[in-house]
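Heads up: the structure comes next, in structure tokens.
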Amino acid sequence: MIGFSKENNLLMFGVTGWHGWGCMSDVWTVFQGNVSENIQEQLAKNPQMQVILCRQEQSRSILRFIFEPFAAFYYYIKMQI
């Protein structure tokens, strides 16, 4: 989703969507925005939004549950750069 958003000049934002083991969020709300403009101001203009569903089979391996929080933290930090 991150790559898709960058390629299509979409501003990506979200909240925690983890609802238990093996249930990461698979629904994203996107709109075309300007990264140099305040997000609250852009949302106040009622932009056209689109919902993207990205459903993939998810592993239920114990290793996933151990390392997944670290991977999520990595992607969070990567988005901040």
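Heavy atoms only: backbone and side chains are in, while hydrogens, waters and symmetry mates are out.
- Note on F70: it does not cluster hydrophobically with Y76, by side-chain heavy-atom contacts below 4.5 Å among ILVMFWY residues.
- N34 and S36 get closest at one heavy-atom pair: OD1-OG, 2.7 Å.
- Partners of N46 according to the side chain to side chain contact (heavy atoms under 4.5 Å, CB included) rule, which considers only residues two or more places apart in sequence or in another chain, do not exist here.
- Considering only residues two or more places apart in sequence or on other chains, Q48 meets the side chain to side chain contact (heavy atoms under 4.5 Å, CB included) condition with none of them.
- Distance alone, capped at 3.5 Å, is enough to place a donor-acceptor pair between the Q42 side chain and the E37 backbone.
- Linking Ile, Leu, Val, Met, Phe, Trp and Tyr whenever their side-chain heavy atoms come within less than 4.5 Å leaves F67 and F73 in two separate clusters.
- Shown here are the salt bridge (Lys or Arg N to Asp or Glu O under 4.0 Å) partners of K78, two or more places apart in sequence or in another chain: there are none.
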